[in-house]
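Note sheet for the following structure.
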Amino acid sequence: PLIVNYVGQSVYYNMGAVDDDGDSLAYKLDKPLSGNFSSPYSVRAPLQFKDFPNFSLPFPSGFHLDSINGNLKYQPTQVGSFLVKILIEE
C-alpha cells in the first residue's frame, strides 16, 4: 500500500493483516525484492526519520515496527519516495 507522509509529522500505520485461522502473526522489516540499500540506508533504516540513522531511539525518534501487532511508527524528515518491505509470517 502507498502511504503519504509529511515531513515532521508522526506516522502511525498498521497493515491490518489477519490470519484466516486466527493464528498469531509476526512482523519484521525485510530487504525489498529488487534493489539494494546504499549507505547510510538499511533494512532497519530505509528512509530519513528523526535522529536518523539511530532507529532504536525512543519514539518520536527512530523507526519502529512492533513485531507482535505490526504497528509502524516514525517521524519522516526528508521529502522523497521510499520503499519499505514488511514481512508477515505465521
Side-chain angles (χ1 to χ4, degrees):
L2 175 66
I3 304 172
V4 176
N5 304 268
Y6 297 95
V7 170
Q9 184 178 46
S10 295
V11 174
Y12 301 90
Y13 184 76
N14 185 287
M15 280 67 53
V18 177
D19 183 76
D20 290 337
D21 300 325
D23 296 330
S24 60
L25 300 174
Y27 302 81
K28 70 178 183 178
L29 294 167
D30 199 14
K31 183 180 174 189
L33 294 176
S34 61
N36 292 310
F37 290 105
S38 298
S39 182
Y41 299 98
S42 68
V43 168
R44 294 285 302 143
L47 53 88
Q48 291 277 339
F49 48 81
K50 187 173 182 181
D51 294 317
F52 177 88
N54 299 313
F55 58 84
S56 61
L57 292 175
F59 186 76
S61 296
F63 190 82
H64 305 276
L65 175 65
D66 188 299
S67 63
I68 296 170
N69 62 28
N71 289 335
L72 178 64
K73 57 185 181 178
Y74 60 96
Q75 191 175 96
T77 59
Q78 181 182 28
V79 173
S81 296
F82 303 93
L83 179 63
V84 177
K85 179 181 175 184
I86 297 173
L87 181 64
I88 305 171
E89 300 177 309
E90 276 189 280

**Message:** According to a hydrophobic-cluster definition based on side-chain heavy atoms being under 4.5 Å apart (Ile, Leu, Val, Met, Phe, Trp, Tyr only), do Y6 and F52 belong together?
**Reply:**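 Different clusters: Y6 never reaches F52 through Ile, Leu, Val, Met, Phe, Trp or Tyr contacts under 4.5 Å.
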
**Request:** State, with a plain yes or no, whether a side-chain heavy atom of P53 is found less than 4.5 Å away from one of F63.
**Result:**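 No - every pair of side-chain heavy atoms lies 4.5 Å or more apart.
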
**Asked** Judged by atom type as modelled, is there a donor-acceptor pair below 3.5 Å linking the side chain of H64 to the main-chain atoms of L57?
**Response** yes

Would you be so kind as to tabulate the donor-acceptor pairs closer than 3.5 Å made by side chains of residues 16-29, with sequence neighbours excluded?
residue : atom : partner : partner atom : Å
D19     : OD2  : D21     : N            : 3.0
D19     : OD2  : G22     : N            : 3.2
D19     : OD2  : D23     : N            : 3.0

**Request:** Kindly check if the number of other-residue, nucleotide or ligand heavy atoms within 6.0 Å of CG (L33) is above 12?
**Result:**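 Atom CG in L33 is not crowded, with 12 or fewer foreign heavy atoms closer than 6.0 Å.
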
**Complete:** Smallest heavy-atom separation, M15 atom then L65 atom, equals CE-CD1, 4.5 Å

Just list the side-chain donor-acceptor pairs under 3.5 Å for residues 70-88, sequence neighbours left out, or say none.
residue : atom : partner : partner atom : Å
N71     : OD1  : N14     : ND2          : 2.8
N71     : ND2  : N69     : OD1          : 3.2
Y74     : OH   : N5      : OD1          : 2.9
Y74     : OH   : N5      : ND2          : 3.4
Q75     : NE2  : S10     : OG           : 3.1
Q78     : OE1  : Y41     : OH           : 3.3
K85     : NZ   : D30     : OD2          : 3.4

